[in-house]
Novice: 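Before anything else, here's the structure in question.
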Amino acid sequence: MRDLPGARFHELKGNLAGKLAVDLVHPDRLIFSPDHDPRPVLADGGLDWQKVTKIVIEGIGNYH
């Protein structure tokens with residue numbers, strides 16, 4: 001999913017840390033989180049996107 005052409009997936013920070021987003025029609029974004037316990041992480045603490053097989057859609061909106 002992360003490799004879809006033109007899609008800009010990114011990990012969120014601050015009060016949305018642990019969630020992810022993908023750009024929709026500006027300024028809206030699809031906000032979601034991996035549906036894994038424990039969360040799949042890399043050695044540096046970042047999300048291991050290769051191991052994400054399920055997500056929970058948190059909402060659509062402009063969080064800026």
Side-chain angles (χ1 to χ4, degrees):
M1 184 167 112
R2 186 175 184 203
D3 296 327
L4 290 171
R8 190 177 75 91
F9 289 87
H10 48 285
E11 296 181 46
L12 301 177
K13 299 176 184 175
N15 65 337
L16 294 175
K19 300 189 185 320
L20 306 130
V22 63
D23 293 349
L24 299 174
V25 175
H26 184 74
D28 290 331
R29 287 154 176 88
L30 176 71
I31 303 162
F32 62 99
S33 59
D35 188 17
H36 296 276
D37 187 20
R39 179 183 168 102
V41 295
L42 300 168
D44 67 3
L47 179 64
D48 187 346
W49 287 85
Q50 297 291 329
K51 294 182 180 174
V52 175
T53 59
K54 301 181 294 181
I55 63 168
V56 174
I57 296 174
E58 306 283 347
I60 296 174
N62 177 6
Y63 50 77
H64 288 110

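Computed over heavy atoms, backbone and side chain alike; hydrogens, waters and symmetry mates excluded.
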Novice: Can you list the residues that meet the side chain to side chain donor-acceptor pair (under 3.5 Å) rule with D23, with sequence neighbours excluded?
Specialist: R8, R29
Novice: Which donor-acceptor pairs under 3.5 Å do the side chains of residues 50-62 make with protein atoms, sequence neighbours left out?
Specialist:
from, atom 1, to, atom 2, distance (Å)
E58, OE2, S33, OG, 2.7
N62, OD1, H64, N, 3.1

Novice: Please enumerate all residues that pass side chain to side chain donor-acceptor pair (under 3.5 Å) together with H36, with sequence neighbours excluded.
Specialist: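 Residues passing side chain to side chain donor-acceptor pair (under 3.5 Å) with H36: none at all.
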Novice: Among Ile, Leu, Val, Met, Phe, Trp and Tyr joined by side-chain contacts under 4.5 Å, find the other residues sharing a cluster with L16 and list them by chain and number.
Specialist: L12, I31, Y63
Novice: Show the nearest heavy-atom pair for residues P34 and G18, with the distance to one decimal.
Specialist: CD-O, 4.0 Å
